[in-house]
Every structure is written in structure tokens, then in C-alpha cells.
Amino acid sequence: MDRYAIRTTRREDWARLRELRLAALLDPLAEVAFYQTYEAALEIPRQEWERRAAGERTTTFIGYPVDPEDPAGSLGFPDSADFAVDKPWAGMVTVFPEPDTFAGTDTDADSDTDHVTVVGVYVRPEHRGTGLARNLMRRVIDWAGEREVRLRVHEKTRAPPASTPPSASAPTASGTPTPACPASGPSN
């Protein structure tokens, strides 16, 4: 099995984050997964990519291959600022924390978050089946701590990813439509 290091992105990662996201949008298996077209993503300005990479509203975890013979790459320093500058990114998971809201109530923007929502999962085709997606999701769950982790999947997605635990992909009657895509809620 391949070995991967996983870390969160930083502002200076913006160009690599953009490249990975654009690759995801061109992947036929992800045609609806990101609620965005390739053409629309091309129009996003550098400042927005920097904001995303810095984790100002979302957190993106990236995975990249490491040499199992290199102790710094396997366990030593995967979060250091200079580590893996030249290593290709193999996959990502993007999450955002959000408070639980109820119909008709406003939520204080500074309130603690009750759950985190996974909104983007992508693994390059050549890294699929290696366990990377599962390890990215485990990292998200560890990062979330006591908060509930929710997975947002577009209703036209052909099948849940193999890395998705069965309980997370089972249809439920509770779902929240995405404002940009009202059809993303529960289908009853």
C-alpha cells in the first residue's frame, strides 16, 4: 500500500490547490460533485484561492505520497512549512464547520460550531484504491473532535465513494438543501 502524508493547506498553497480542484472538475466521475463547473472555477481570482488555501472559511486536507524510507516524510514532519514542496498532491477533502440551525432562527456568526460538513472529496485516478480517501476522511474525523461530521453529496452523484462509511451514505429524511443547489436536499 502506498504511504501518504496528510496536512491542511496554507495560503502559499493556493496555486496547487487551484490545480488540484481544476483537475477534479475535469474528472468525469466528479462532474456534479463540486456544484461548480470547470469554466466557473477558472474565473475565481487568486485572492479567493489564497483565502481558501489559508482556511479562512473552509479547511482543506491534502494528501501526497511519501517515501517510506524517508523518516521525515512518513511520521516526522508532515506539517512543516517546507515539507513536500515538490511532491504532487494526490487528493483532498474540504470541510467547513457550521452551527446547527433551525427554521426561522438566526445563528450568531461567532457561535461555536456543532458539526462539520464535508463538501469536497477528490483523489486523482492513479491514487484511487490506495486507502488515501479513507485516510483523508479519518483525518477529518480526528480534526472534528466531538463534533458530528456530515457528508454533503449531490443527488446526481452516481455512487458514494468507497471510502464513505455505510452509515454516512445511507439515505435519511433529514437533509438541508444547498442554497446554490436546492435539489441537494433529501429526495422524498
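A quick note: this is a predicted structure, and the numbers were derived from the prediction, not measured.
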May I have the step-by-step check of side chain to side chain contact (heavy atoms under 4.5 Å, CB included) for Trp143 and Val116, ending in yes or no? CA-CA 10 Å; Trp143 172 82; Val116 295; 3.6 Å; yes

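- In this structure, Arg10 is not positioned above the aromatic face of Trp14 in the sense of NZ or CZ being under 6.0 Å from the six-membered ring centre and within 45° of the axis.
- Side-chain atoms of Arg139 come within 3.5 Å of backbone atoms of Ile6 as a donor-acceptor pair (strictly under, hydrogens ignored).
- When every heavy atom of Leu136 is checked against every heavy atom of Gly63, the shortest pair comes out as CD2-N, 3.9 Å.
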For Thr8 and Thr59, what are the C-alpha separation, side-chain angles and deciding distance, and is it a side-chain hydrogen bond (donor to acceptor under 3.5 Å, both in side chains)? CA-CA 7 Å; Thr8 57; Thr59 300; over 6 Å; no

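- Using a 4.0 Å cut-off between a side-chain N of Lys or Arg and a carboxylate O of Asp or Glu, Arg147 and Glu98 do not qualify as a salt bridge.
- In this structure the side chain of Arg150 reaches within 4.5 angstrom of the side chain of Glu148, judged on heavy atoms.
- Between Asp27 and Arg128 there is a salt bridge, since at least one side-chain N of the basic residue sits less than 4.0 Å from a carboxylate O of the acidic one.
- By the side-chain hydrogen bond (donor to acceptor under 3.5 Å, both in side chains) test, Thr9 is found to be paired with no residue, residues two or more places apart in sequence or in another chain being considered.
- Comment: Asp13 engages Arg7 in a salt bridge, judged by a side-chain N to carboxylate O separation of less than 4.0 angstrom.
- Using a 4.5 Å heavy-atom threshold, the side chains of Tyr122 and Leu20 count as touching.
- The line from OG1 of Thr37 to CD of Glu43 is 9.0 Å long, rounded to the nearest 0.5 Å.
- A cation-pi contact, defined as under 6.0 Å to the ring centre and within 45° of the axis, links Arg52 to Trp49.
- With a 4.5 Å cut-off on side-chain heavy atoms, Thr60 and Leu17 count as touching.
- Comment: Arg124 engages Glu19 in a salt bridge, judged by a side-chain N to carboxylate O separation of less than 4.0 angstrom.
- In terms of heavy atoms, Ala144 sits closest to Val149 at CB-CG2, 3.6 Å.
- Side chain of Thr58 to main chain of Gly55: no donor-acceptor pair is present (N/O by atom type, distance under 3.5 Å, no hydrogens or angles).
- Taking both residues in full, the closest heavy atoms of Arg57 and Phe96 are given as O-CB, 3.6 Å, listed atom of the first, atom of the second, then distance.
- Rounded to the nearest 0.5 Å, atoms CE (Met92) and CZ (Arg21) are 5.5 Å apart.
- The closest side-chain donor-acceptor pair between Asn135 and Tyr4, if any, does not fall under 3.5 angstrom.
- Proximity of Val93 to Val118: side-chain heavy atoms (C-beta onward) are separated by under 4.5 Å at one or more points.
- If you take CG on Leu132 and CE on Met137, they are separated by 12.0 Å, rounding to the nearest 0.5 Å.
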Give the intermediate values and the outcome of side chain to side chain contact (heavy atoms under 4.5 Å, CB included) for residues Arg46 and Arg18. CA-CA 9 Å; Arg46 175 182 175 159; Arg18 179 182 187 268; over 6 Å; no

